[in-house]
Structure formats: C-alpha cells, structure tokens
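Predicted model only: the values in this text are computed from it and were never measured. All values below were derived from every heavy atom in this structure, side-chain atoms included, with hydrogens, water molecules and symmetry-related copies excluded.
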Amino acid sequence: MLRPTLAVLAKSKTKSSSIAWLSRQSRDPYVKQRLSDPRSYRSRSAFKLLEIDHNWGNFLSKPDVNTVIDLGAAPGGWSQVVAGKLGWDEPNSEPDQPDVSLSAPKDRGSEELSFDPLNIDDVPDNELEMGRGTIVAVDLLRMQPIHGVHCIQANFLSQEAEMFIRDLLSINGNPEGKVDVILSDMAANTSGNHTADIESSLGICRAVLTFATRHLRTAQEIGRARGGVLLMKHFQDPLLYEFRKKRLEPFFDDVKFVKPDSSRSESSEGYFLCQGWRGIR
C-alpha cells in the first residue's frame, strides 16, 4: 500500500509561506505518526479525537454507545477512530475499487444524497472484523469508504439528510433516529478577518447543536449520567464562551473546554465536550 508523503515543491516556485508550512509539517510529530501508523489515519485530527477520548473517560468505548454520527466527516479521520473503537477494524490495505453509492429516492427532493451501506464489498470477508453499532459520516464532500461506516454526502441540516439518516438508523431497530454520540470537527476556512471567522465558528456550533437537539439520546434514556455526548470544535472568543453558558450548560450535566496536546498551540481552536444530555423541555 502506498502511503502519502510530504510534498516537495520546486525551489524556483516555492513561496516563503509554503516553505514555512513544509518545515512545520516535517517537524510535527503527529504528521510523522500519521504517515507511519499502520491504521493509516486520513487526517492529523484523528489524534485529537483519540486524545480527547482517552483523557475524558473513554466515552466512545462505553458498552451503551451503539450509534455515532460524525458531522463534517471528510476526509474521514474521526470516523476511522470511531470505527476502531466499535470494533470495525480495517485490514491494512486500500480497496481496489471505489464504493458503490446509492442515490436518494427522487421524491425526497432534487438534492442528491449518496451513501455506502457498510463498505464491505471491496475486501474479502476473511480480512474483515465485524463491529457493533451504527456509525454515520455526513459531509458535503464525497468520502472514500471506511469499513463499518455509512457515508452520506449531504448537508446535515437538510430535510433530505434528516430523512435519510432516520431511515438508515431505523434499519437497525432505531425508528426515532436517536444517537448516543455526535461529533463535529467542522470549521470554515479562515478568512483572516477575526470577526468573520468567529461568526462562522458560532454559526457552525449553532447548527450542530440544532442537529443534536433532534437526534441525541438523553442521559436518562441511556441510563448513565454522562450518556448523550456532543463534541464540537470552535474557535475561542467571548461569543463562544457566551454560547457555552447560554446554549450548552443548561442542557448538559457537564460541559468542558478541551484543547488536546495534538492541537497546535498557535491555533485558537478548542472543543466543547458536552456530556449528559438532558434534552430540551
């Protein structure tokens, strides 16, 4: 299997910013680990989720966690982590053929959605590990298959995606479309305008919370005080602190600000780890 390598730019065309980026990448221990790890994580951010999960109670590995949704999942690093936690270990090879996608029924609107049911057709059965539960990855971008992960190409807030997710979960005896853990590593491309970037981050957090209010299973339903988990990225700012106080803390038993070591120190990114969903009354 071929592994990705750091790009080498021609000296005559290399800009100073590109040189700085390449230098940082070459020194980054998590970039090096990703390139050498036998699990071949698709993104450096996979190590952020591994670290958060390890440091804060292994919430992905709880025996009552059976349904996880990864919003803004492409290229799939976080979904790979979840698949591993739920036992859907992949063989150390890439499938020879891309996944076969299914289009949403025509009567669900003009927006096309696609998903790959279990990503199991491209690898011999004797090389696959069968895990538990249902993992759904949603993104506007198409993702390459991940064993055990249902990939949906759609806007996660659209009515079509809502129906598609509900139908998908109902196959496994979950007619209400409830989820134990919701993950979001989404962030808009930075513009250089701090105010605009913060507004974008706040908008994404609001959208993710809206999705969670419809789908997240409550701690009471799960039967565990820290059940019902929402983990989402944000950029640090007083507006996001206000969002935490007004929109998160009243509805979760515990809300933490988390910045894993694998998050670059110069970045203002952080994560809200929300556990114990009480629901909206």
Check: Roughly how far apart are Lys85 NZ and Gln80 CD, rounded to 0.5 Å?
Finding: 13.5 Å
Notebook entry, point to check: Out of Leu248, Leu71, Leu183, which one pairs with Met232 under the side chain to side chain contact (heavy atoms under 4.5 Å, CB included) rule?
Noted result: Leu248
Check: Quick one: does Glu51's side chain have a donor or acceptor within less than 3.5 Å of a partner on Asp261's backbone?
Finding: yes
Margin query: Are the side chains of Val136 and Leu169 in contact, using a 4.5 Å heavy-atom criterion?
Written below: yes
Check: So do Phe252 and Val229 actually touch side chain to side chain, heavy atoms under 4.5 Å?
Finding: no
Note to self: Please report the interatomic distance NZ(Lys48) to OG(Ser43), rounded to the nearest 0.5 Å.
What the structure shows: 8.5 Å
Next item on the list: For the pair Asp253 and Arg278, find out whether any cationic side-chain nitrogen is under 4.0 Å from an anionic carboxylate oxygen.
Entry: yes
Checklist line | side-chain contact (heavy atoms from CB on, under 4.5 Å) between Leu209 and Phe243, worked out | finding: CA-CA 11 Å; Leu209 181 59; Phe243 173 79; 4.0 Å; yes
Margin query: Are the side chains of Phe235 and Ile198 in contact, using a 4.5 Å heavy-atom criterion?
Written below: yes
Notebook entry, point to check: For Ser61, does its backbone N or O pair with a side-chain atom of Asn58 as donor and acceptor, under 3.5 Å?
Noted result: no
Item checked: OG-CD distance between Ser267 and Gln236, expressed to the nearest 0.5 angstrom -> 8.0 Å
Item checked: Ser79 and Asp70 side chains, donor-acceptor separation under 3.5 Å -> yes
Margin query: Strictly distance-based, threshold 3.5 Å: is any side-chain N or O of Arg224 a donor or acceptor partner for the main-chain N or O of Lys62?
Written below: no
Notebook entry, point to check: When the ring planes of Phe272 and His234 are compared, do they come out parallel, tilted or perpendicular, using 30° and 60° as the limits?
Noted result: parallel
Next item on the list: Would you check if Ile165 and Arg214 make a side-chain contact, meaning some heavy-atom pair closer than 4.5 Å?
Entry: no
Notebook entry, point to check: Is there a donor-acceptor pair under 3.5 Å between the side chain of Asp139 and the backbone N or O of Ala74?
Noted result: yes
Notebook entry, point to check: Would a hydrophobic clustering, with Ile, Leu, Val, Met, Phe, Trp and Tyr connected at side-chain separations under 4.5 Å, put Tyr241 with Ile204?
Noted result: no
Next item on the list: Could you grab the distance from atom CG of Leu49 to atom NE2 of His54, nearest 0.5 Å is fine?
Entry: 13.0 Å
Next item on the list: Taking Gln275 for its side chain and Asp254 for its backbone only, find out whether a donor-acceptor pair lies under 3.5 Å.
Entry: no
Next item on the list: Indicate yes or no for a side-chain donor-acceptor contact from Ser201 to the backbone of Asp197 under 3.5 Å, with no hydrogens or angles considered.
Entry: no
Notebook entry, point to check: From Leu231 CG over to Ile52 CD1, what is the distance, rounded to the nearest 0.5 angstrom?
Noted result: 5.0 Å
Margin query: Can you give me the closest heavy-atom contact between Ala188 and Ser200, atom names plus distance?
Written below: CB-CB, 3.9 Å
Check: Ignoring hydrogens and geometry, is there a side-chain-to-backbone donor-acceptor pair from Thr218 to Glu221 under 3.5 Å?
Finding: yes
Note to self: Assess the residue pair Asp180 and Asp64 against the criterion (side-chain contact (heavy atoms from CB on, under 4.5 Å)); give the C-alpha distance rounded to whole Å, side-chain angles, the decisive distance to 0.1 Å, and a yes or no.
What the structure shows: CA-CA 8 Å; Asp180 301 303; Asp64 52 34; 5.9 Å; no
Next item on the list: Using atom types as modelled and distance alone, determine if a side-chain donor or acceptor of Arg142 lies under 3.5 Å from a backbone N or O of Cys151.
Entry: no
Notebook entry, point to check: Are Ile135 and Leu141 grouped together when hydrophobic residues (ILVMFWY) are joined by side-chain heavy atoms under 4.5 angstrom apart?
Noted result: no
Margin query: Minimum heavy-atom separation for Ala73 and Met143, please, with both atom names.
Written below: CB-SD, 3.7 Å
Check: How about Asn55 and Pro260: do any of their side-chain heavy atoms sit closer than 4.5 Å?
Finding: no
Note to self: Has Lys233 got a side-chain atom pairing as donor or acceptor with Ser184's backbone, closer than 3.5 angstrom?
What the structure shows: no
Item checked: Distance in Å, Glu176 CD paired with Arg217 CZ, rounded so as to fall on 0.5 Å steps -> 8.0 Å
Check: Among the clusters formed by ILVMFWY side chains lying less than 4.5 Å apart, do Leu240 and Phe257 turn up in the same one?
Finding: no
Notebook entry, point to check: Can Ile222 be reached from Val179 by stepping across I, L, V, M, F, W or Y side chains whose heavy atoms are under 4.5 Å apart?
Noted result: no
Next item on the list: Give a yes or no on whether the backbone of Gly77 and the side-chain of Arg44 come within a donor-acceptor separation of less than 3.5 Å.
Entry: no
Item checked: Within-4.5 Å side-chain heavy-atom neighbours: Phe251 and Leu230 -> no
Item checked: Residues Leu50, Tyr41; criterion side-chain contact (heavy atoms from CB on, under 4.5 Å); working and verdict -> CA-CA 11 Å; Leu50 286 167; Tyr41 289 124; 3.8 Å; yes
Note to self: Is the shortest side-chain heavy-atom distance between Thr134 and Ile171 below 4.5 Å?
What the structure shows: no
Margin query: In terms of relative ring orientation, are His147 and Trp88 parallel, tilted or perpendicular, with 30° and 60° separating the classes?
Written below: perpendicular
Next item on the list: Could you please spell out the steps behind the side-chain contact (heavy atoms from CB on, under 4.5 Å) verdict for Asp185 and Tyr271?
Entry: CA-CA 9 Å; Asp185 194 35; Tyr271 294 86; 2.6 Å; yes
Check: Any side-chain heavy atom of His215 sitting closer than 4.5 Å to one from Glu162?
Finding: yes
Note to self: Under a 4.0 Å threshold between the charged nitrogen and the carboxylate oxygen, would Glu249 count as salt-bridged to Arg244?
What the structure shows: yes
